[in-house]
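All values reported here derive from a predicted model rather than from experimental measurement.
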Amino acid sequence: MADRTMRRQLAEPRHRAPGECPVCAERLVPIRLGCPGCGTEIVGEFDPCEFCALDDADLHLLRLFLAARGNVKEVEKHLGVSYPTARLRLTGLLAKLGLSGEADEDLGLTAEQVLKEVAQGSLTPAEGERLLATLE
C-alpha cells in the first residue's frame, strides 16, 4: 500500500467526544443523537462505542492495523519499531478492548533488546517495564 494512501486512510478525526465525565469521572453515555442534514434529534440512552474510549494513540494503532489488513509486519514498518514491539502494542490494545486471552506468548526479546528499544523511543518506559517483567 502506498505511503500517501496509508497516511490519508489513517487521518485522525477532528473531534471526539470525551469518554469520562469531567466532574465525577463516570463513564459518559450517549443520550442525544442529531442529524446535521435535517436537524432530527433522537433522545434516549444508547450503548456507548467500545472504541470511543480508546486514546488517540490506540485509535491510530487500530486504524493502522486495519489498513494493513492485519499484517503485523506492515504495522511494524509503518510504526518504525521491531516486530515484537508492534505485537506488544497490539496485545495492549486487545487488553484495553477486553479481548486479551491467556498470558502473552513469548515475544522473543532479550532484556538488552528491550532496554535498547526504550532508549530509542520505540517502546515507552511502561511498555519496557512490562516486557522486562515477563522476561524474569
Report yes or no: do Phe65 and Leu99 belong to one cluster of Ile/Leu/Val/Met/Phe/Trp/Tyr joined by side chain heavy-atom distances under 4.5 Å? yes
Is there a path of hydrophobic side-chain contacts, each under 4.5 Å between heavy atoms, that joins Leu79 and Leu94? yes
Would you indicate whether the side-chain heavy atoms of Val75 and Val81 approach each other to under 4.5 Å? no
Beyond-backbone contact of Leu61 with Leu54, side-chain heavy atoms, under 4.5 angstrom: no
Per the side-chain hydrogen bond (donor to acceptor under 3.5 Å, both in side chains) rule, what does the pair list look like for residues 42-51, sequence neighbours excluded? none
Output every pair passing side-chain hydrogen bond (donor to acceptor under 3.5 Å, both in side chains) with a member in residues 31-42, not counting sequence neighbours, ordered by first then second residue. Arg32-Glu41
Value for CG (Leu93) from CZ (Phe51), rounded to nearest 0.5 Å, stands at 8.5 Å
Spacing of CD belonging to Glu112 relative to NZ belonging to Lys116, to within rounding of 0.5 Å: 8.0 Å
What's the shortest heavy-atom distance between Cys38 and Cys35, and which atoms? N-SG, 3.5 Å
Check Cys24 against Cys21 and note the closest heavy-atom contact, atom names and distance. N-SG, 3.5 Å
What residues form a side chain to side chain contact (heavy atoms under 4.5 Å, CB included) with Asp55, not counting sequence neighbours? Ala57, Asp58, Lys96
Is a donor on one side and an acceptor on the other found under 3.5 Å between the side chain of Arg89 and the backbone of Arg87? no
I need the single residue from Leu64, Thr85, Val72 that forms a side chain to side chain contact (heavy atoms under 4.5 Å, CB included) with Leu90. Which is it? Val72
